[in-house]
Structure formats: structure tokens, C-alpha cells
Amino acid sequence: MARLIAPIALLASAALPGALAWGAMGHEAVAYIASNFVTAATKTYFQSLLADTSADYLATVSTWADSYRYTTAGSFSAPFHYIDANDNPPTSCGVDYTRDCGAAGCVVSAIQNYTAILLDARYSAANRQIAAKMIIHFIGDIGQPLHCEALDIGGNSIAVLYDGDGTNLHAIWDSDIPESISGGASLTSAKSWATTLTTAINTGEYKSLAAGWLTGLSVATAATRQATALKWATEANAYVCSTVLKGGLTTVQNKELSGAYTTTADPVVKLQIAKQGYRLAKYLDAIVAAA
Ligand SMILES: *[C@@H]1O[C@H](CO)[C@@H](O)[C@H](O)[C@H]1NC(C)=O
Ligand SMILES: [Zn+2]
């Protein structure tokens, strides 16, 4: 039985929307953190644009882009979820916009593009609603180190074990490690994890760091939007060298990573989720201030 289940589970997860992004829970946690920090004006603006006056208005749309990319109409948006940094981890990391953002676009150009659309009143409300959903999703993706790495398709082709199950390095950073911290994959897990990280930002271990996370954040022009996103991508990518592939490929390939590896990854995953949630709040505030 077990021999049969493993390959079937692998095939199924490879075909599932969301297999190539912070899992749904990570995106929802980022969105809930953002909901905790936006201004009242931002909340009203996005509740109206998204036609949802519930407290979950950001979280429930945060994974839409991962379903859309697997539709025929949305396949053009698949490259928008990552940037393929052609660096050389763990020896050297770095993102170069000209080298790494392909002709089909990348997460940096996508944040730039959808911010321009959202700010342009000539677009229909329907198009601006899509732009909002894209931004809410991509500001999550850009914080996942392996979304800012070309090597082995962002780790998708690096086989690893997690709790004895065959999976890949990208997937454990998207889902297994975050879910091991939050306690599950549900919206409820995302919400309670977001509450914990919100407290850490307000009064705990991130209190002294949070203001610094906003350095350079600007939606003023196409150039500042690109610089903002590129800074975030560069920061996430640096963790590929310092943490994700620290010991080189051979230390992760076909290895069980639910133990010591996850212990080392945990602080980075928590930090990146907290940071992108806080940044998303302030980015949405900046959009509303400019709109
Ligand atoms: C910007 O977004 C629109 C709407 O989804 C899309 O058609 C276009 O290809 C995007 N442009 C870039 C440069 O990403
Ligand atoms: Zn994604």
C-alpha cells in the first residue's frame, strides 16, 4: 500500500494548483497579517473593490492567482509568480533584473504592472479587482526564497523527504515547513499564525525591525515600484545561500528534512511571512494614498 500511495500522492501534488507557490496557508497568513496593519481607509477601499466586507477580505483572494495560472486564459501569468535568479548558490546569490526577469515577465515586473493597473482609473473595476488579487498574492510569493531562484526550477527538481514522504525542496518551503509551524493547512491555522506574528511585530521580536522592512517602499513611479519589488526579491534570494542551500545540494538531495533542517529554516520562514504581511499592508496603504 505505502509503495503505491507515495508515487500517486507525488503525481497528484505536482498537478495541483498551488504546488508551485507558498502553499495556500502561507499566502493566507501574509494576507491576515496585512489586514491587521492596514489603515481604515485601505480596509474600506479593498473591501469595496473586492466586494467582501468580511474580516477575511484579503485572505480569501490571496490564493486566486495560483488557480488562475493553471487555466487556459491565465497561463500567461505563470511566470509572474517567481524570478529566476541565475546566481550560483550557495557560493554566490543575487538578483539582476535584466538577466533574470524573462521576456514573459517575472514577479518583479508583475508587481510593477498590476500596481500601475490598480492605480489607473481608466481600467474597469473588474480589471482593477484582478490587479488587487495579483498584488496580494505576489507580495507573498516574492518573500519565498525559492521563488527568487533559478537553480533546479527553484528547487522543484530537488528530491527530498519530509516525514518519510517523497517531495521536493520547493514544496517543503512552500507548504510543509510553514504548516509545521502554524499547525496545519487550514484558513484557521493561517489566521492564528497571523495573530502570533502580528503580536511579534507589535510588541515582540520583530518590533525593532518592522520600520526597517519598509525602507525603499514606494509606489510613486514605475521605477520605484520595480526597485521596491527588486529589493524584496534580492532579500529573499539571499536566504537561498544562507539557509535553503547552505551546505550545498548534496546536503539536501534525497535527505529527510523534517528534523534539523526545518529547525534551521523556521526562523527564516516566520520572518519572511511576517515581513511580507507587514509590507503588503503598507504597500496597499501607499496605493490607496496615491489612488
Ligand atoms: C500586465 O497585466 C495585464 C493584465 O493581466 C497583462 O495582459 C499584461 O501582459 C501584463 N503586462 C506585463 C508587462 O506583465
Ligand atoms: Zn504564486
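Numbering of residues begins at 1 and proceeds along the displayed sequence. Whatever order the structure lists ligands and atoms in, that order sets their numbers, starting from 1.
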Item to complete: Apply the test side chain to side chain contact (heavy atoms under 4.5 Å, CB included) to residues Val30 and Leu58: give CA-CA distance (whole Å), side-chain angles for both, the deciding distance (0.1 Å), then the verdict.
Response: CA-CA 9 Å; Val30 166; Leu58 297 179; over 6 Å; no

Fill in: Side chain, backbone, both or neither: the part of Ile117 lying under 4.0 Å from ligand 1 by heavy atom
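Side chain only.
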
Fill in: Evaluation steps, side-chain hydrogen bond (donor to acceptor under 3.5 Å, both in side chains), between Thr42 and Thr39
CA-CA 5 Å; Thr42 300; Thr39 65; 2.9 Å; yes

Residue, atom name and distance, where the atom is the protein heavy atom closest to [atom]:
| atom | result |
| --- | --- |
| atom 6 (C) of ligand 1 | Phe76 CE1, 3.9 Å |
| atom 5 (O) of ligand 1 | Tyr114 OH, 2.6 Å |
| atom 12 (C) of ligand 1 | Asn113 ND2, 3.3 Å |

Worksheet item: So what does the Asp141 OD2 - the Zn ion (ligand 2) - His81 ND1 angle come to, to 10°?
Response: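 My answer is 100°, to the nearest 10°.
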
At their closest point, which heavy atom of [X] faces which heavy atom of [Y], and how far apart are they?
| X | Y | answer |
| --- | --- | --- |
| Glu28 | Ala190 | CB-CB, 3.5 Å |
| His137 | Thr63 | ND1-CA, 4.0 Å |
| Leu146 | Gly154 | CB-O, 3.3 Å |
| Asp176 | Ala171 | OD1-O, 3.4 Å |

Worksheet item: Do any of the N/O/S atoms of His137, backbone or side chain, fall under 2.8 Å from the Zn ion (ligand 2)?
Response: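 So His137 counts as coordinating the Zn ion (ligand 2), yes.
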
Item to complete: Return yes when Ile130 approaches ligand 1 closer than 4.0 angstrom through a heavy atom, no otherwise.
Response: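 Contact absent.
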
